[in-house]
**Q** 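Handing you this structure, nothing more for now.
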Amino acid sequence: MKKLLTIAAVLVAAMTGTQKSDACSRVNYHGSDSTFVIARCLDWKTPIPTNLYVYPRGIEKVSSDQPGAIKWTSKYGAVYAVGYDGGITEGMNEKGLVVNGLFCKGTVYSNPETEGRPPMSLAMFVGWLLDLNATTDECVEVLKKHDFNIGGATFDGGTVSALHWGITDASGKSVIVEFDNGEIKINDMGDVYAMTNDPQWPAMSAIINYWDNVGGINMLPGTVKSPDRCVRANFFAHHVEAVSDLDLAVNIARTVLVNSCVPYTYLIQGEPNVSSTQWRSYADIRGRRYFFDIVTNFGIYYIDLNKCDLNKGASIMKLDTSKETGLIGDANHALKKHPGFTPMY
């Protein structure tokens, strides 16, 4: 009875407390023959201009413009999705490591113990992980040290970037990283194939377990609220065919994700923060292809890291999504030499 009451309390909190959450979804598609596709959507109440950058190895970077910032030289080349040309939202490196940031309003990054640690800007956090790590386990070891204090600039008129992150590597191992009152919580996703926004992972896991017991063939929650989207995505990710064909795998992952997206321009009266999908991405880990899908464009295109020059000394390349609106398929030809984005520290 105590367990049932706890689950009931979690469900009530989810239904009443997450309606104003901003909607992003992430799906892990598990195919056969080591085929994994990470599909995510970015949802926000106003457009977030996002461009794609390919960074080679051997570039010196810094975590912040504040004193004591962390410095590093990238070991791996990567493709980044960069919001406002100032902060890395997500990306995939040449080893197949994928990191995606999603909104999570319960996030609290700092506490008195972390405030004296080296500063880490949210604009560079994803890049730092992708530049220096090949696997999920390596990321976990780095994060467990927690020898940094994370924070960053606001955006869109003062919005704080309260985020949590999904990390997946070429083996398919996935974790969710959350900051709870300054403490890093690392949650192994295990047999769960989806994440969204709020509540934080322990409560979300209870909701998913509840619906797993209900069963989804005859009934699934259907609203755009974060727990409903997560339950739907997880159910379908478990019940689609596991294939090895990479193109088909991406398309299957795309259909699962779209089922949990918020239709473009959809609004709820009195809920100004319910957000529609702006863009979607699909990281084909085995094929090292990063697909991008802006919902107001007609085509889906991809960057093939196998065809990019990621050697030390190679040029940074940029795909300006605002100019390249008619792309379909392989988009490497649309990459242009660029000095790199300017971090919004």
Side-chain angles (χ1 to χ4, degrees), residues 24-29 36-42 48 50-55 57 59 61 63 70 72 74-83 86-104 107 109 120-146 148 150 152 161-179 184-189 192-197 201 253 257 279-286 288-292 302-303 305 310 341 343:
C24 298
S25 303
R26 184 182 193 261
V27 176
N28 296 10
Y29 172 77
F36 301 101
V37 178
I38 306 303
R40 77 79 54 94
C41 61
L42 184 138
I48 297 181
T50 303
N51 292 313
L52 306 185
Y53 285 81
V54 175
Y55 272 67
R57 311 172 205 117
I59 295 183
K61 301 178 185 178
S63 65
I70 299 168
W72 71 94
S74 57
K75 290 172 58 178
Y76 306 112
V79 55
Y80 307 141
V82 180
I88 304 172
T89 301
E90 65 172 37
M92 176 173 67
N93 72 16
E94 61 182 292
K95 294 297 183 180
L97 182 70
V98 179
V99 182
N100 311 85
L102 283 70
F103 283 91
C104 182
T107 296
Y109 293 119
M120 169 65 68
S121 171
L122 288 166
M124 297 302 296
F125 181 62
V126 170
W128 178 59
L129 293 175
L130 291 173
D131 287 354
L132 298 177
N133 300 286
T135 67
T136 299
D137 285 341
E138 288 180 15
C139 288
V140 168
E141 289 305 309
V142 167
L143 292 168
K144 280 182 176 178
K145 297 176 184 178
H146 200 178
F148 58 88
I150 196 167
S161 293
L163 304 172
H164 60 174
W165 291 266
I167 301 176
T168 304
D169 64 17
S171 75
K173 182 170 184 178
S174 297
V175 298
I176 293 175
V177 178
E178 298 181 331
F179 284 77
I184 294 181
K185 302 292 179 67
I186 299 173
N187 306 281
D188 191 324
M189 291 187 71
V192 178
Y193 292 171
M195 66 178 286
T196 51
N197 311 105
W201 193 245
L257 178 66
W279 53 259
R280 293 178 280 257
S281 68
Y282 313 97
D284 165 18
I285 293 179
R286 180 159 65 90
R288 303 296 194 268
R289 298 179 299 170
Y290 178 80
F291 291 74
F292 208 62
Y302 63 87
I303 300 299
L305 283 179
L310 302 178
F341 72 94

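Being a predicted model, the structure only gives us computed values, none of them experimental.
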**Q** Return the minimal non-hydrogen interatomic distance between Gly86 and Ala123, and the atom names on each side.
**A**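 Heavy atoms of Gly86 and Ala123 come nearest at O-CB, 3.3 Å.
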**Q** If I take atom CD from residue Glu178 and atom CD1 from residue Ile176, how far apart are they, to the nearest 0.5 angstrom?
**A**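 Taking CD in Glu178 and CD1 in Ile176, the distance rounds to 6.5 Å.
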**Q** Which atom pair, heavy atoms only, marks the closest approach of Leu310 to Val54?
**A**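 In terms of heavy atoms, the two residues are closest at CD2-CG1, 3.7 Å.
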**Q** Could you tell me whether a side-chain N or O of His164 sits under 3.5 Å from a main-chain N or O of Trp201, the two making a donor and an acceptor?
**A**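 Not confirmed, His164 side chain does not pair with Trp201 backbone.
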**Q** Can you tell if the side chain of Leu42 reaches within under 4.5 Å of the side chain of Ile48, non-hydrogen atoms only?
**A**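 Yes, at least one pair of side-chain atoms sits under 4.5 Å.
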**Q** Give me the atom names and distance for the closest heavy-atom approach of Ile285 to Gly96.
**A**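 Shortest heavy-atom separation between Ile285 and Gly96 comes out as CG2-O, 3.4 Å.
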**Q** List the atom of Gly77, the atom of Arg57, and the distance in Å for their closest heavy-atom pair.
**A**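 The answer is N-CG, 3.5 Å.
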**Q** Looking only at heavy atoms, what is the nearest atom pair of Ala39 and Ala253, with distance?
**A**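 What the structure gives for the nearest pair is CB-O, 4.0 Å.
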**Q** Would you say the ring centroid of Tyr80 lies under 6.0 angstrom from that of Tyr55?
**A**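 Centroid separation for Tyr80 and Tyr55: below 6.0 Å.
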**Q** In terms of relative ring orientation, are Phe148 and Trp128 parallel, tilted or perpendicular, with 30° and 60° separating the classes?
**A**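 Ring orientation of Phe148 relative to Trp128: perpendicular.
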**Q** How long is the straight-line distance from OG of Ser63 back to CE of Met124, given to the nearest 0.5 Å?
**A**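 Output value for this atom pair is 8.0 Å.
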**Q** What's the shortest heavy-atom distance between Ala283 and Val98, and which atoms?
**A**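 Closest heavy-atom pair between Ala283 and Val98: CB-CG2, 3.8 Å.
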**Q** Taking the side chain from Asn197 and the backbone from Cys104, do they hold a donor-acceptor pair closer than 3.5 Å?
**A**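 No: the side chain of Asn197 does not pair with the backbone of Cys104.
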**Q** For side chain to side chain contact (heavy atoms under 4.5 Å, CB included), just list the numbers for Val175 and Met189, CA-CA rounded to whole Å, side-chain angles, deciding distance to a tenth of an Å, and then say yes or no.
**A** CA-CA 5 Å; Val175 298; Met189 291 187 71; 5.7 Å; no
**Q** Do Val82 and Leu52 have side chains that get closer than 4.5 Å, going by heavy atoms?
**A**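 A side-chain contact under 4.5 Å is absent here.
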**Q** Are Thr50 and Trp279 linked by a side-chain donor-acceptor pair shorter than 3.5 Å?
**A**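 Side chains of Thr50 and Trp279: pair found under 3.5 Å.
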**Q** Restricting to side chain to side chain donor-acceptor pair (under 3.5 Å), what partner residues turn up for Thr168, sequence neighbours left out?
**A**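 For Thr168, the residues satisfying side chain to side chain donor-acceptor pair (under 3.5 Å) (neighbours in sequence not counted) are Arg26, Ser174.
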**Q** Strictly distance-based, threshold 3.5 Å: is any side-chain N or O of Arg288 a donor or acceptor partner for the main-chain N or O of Lys95?
**A**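 Yes: the side chain of Arg288 pairs with the backbone of Lys95.
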**Q** Listed by chain and number, what are the side chain to side chain donor-acceptor pair (under 3.5 Å) partners of Tyr290, not counting sequence neighbours?
**A**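 Partners of Tyr290 by the side chain to side chain donor-acceptor pair (under 3.5 Å) criterion, ordered by chain and then number, come out as Glu90.
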**Q** Any donor and acceptor pair, going by atom type alone, linking the side chain of Thr107 with main-chain N or O of Ala162 inside 3.5 Å?
**A**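 Checked: no pair found.
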**Q** Taking the six-membered ring for Trp, are Tyr53 and Phe341 ring centroids under 6.0 Å apart?
**A**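 Yes, the ring of Tyr53 comes within the 6.0 Å limit of the ring of Phe341, centre to centre.
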**Q** Could you tell me the separation between the NZ atom of Lys75 and the CD atom of Glu94, rounded to the nearest 0.5 Å?
**A**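 Going from the NZ atom of Lys75 to the CD atom of Glu94 covers 10.5 Å.
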**Q** State which residues pass side chain to side chain contact (heavy atoms under 4.5 Å, CB included) with Asp137; sequence neighbours excluded, sorted by chain then number.
**A**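 Listed in chain order: Thr135, Lys173.
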**Q** With a 3.5 Å distance limit and no angle check, can you tell me whether Asp131 reaches the backbone of Ser74 through a side-chain donor-acceptor pair?
**A**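 No.
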**Q** Got a second to check how far Met195's CE is from Leu102's CG, nearest 0.5 Å?
**A**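 Interatomic distance, Met195 CE to Leu102 CG, rounded to 0.5 Å: 4.5 Å.
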**Q** Please work out which of the three classes, parallel, tilted or perpendicular, describes the rings of Trp165 and Phe179, given edges at 30° and 60°.
**A**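 Ring orientation of Phe179 relative to Trp165: perpendicular.
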**Q** Is there a side-chain contact between Thr136 and Leu97 in this structure, where contact means two heavy atoms from C-beta onward sitting under 4.5 Å apart?
**A**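 Yes. Closest side-chain heavy atoms under 4.5 Å.
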**Q** Please assess Val126 against Thr89 for the test side chain to side chain contact (heavy atoms under 4.5 Å, CB included), listing each intermediate value before the final yes or no.
**A** CA-CA 7 Å; Val126 170; Thr89 301; over 6 Å; no
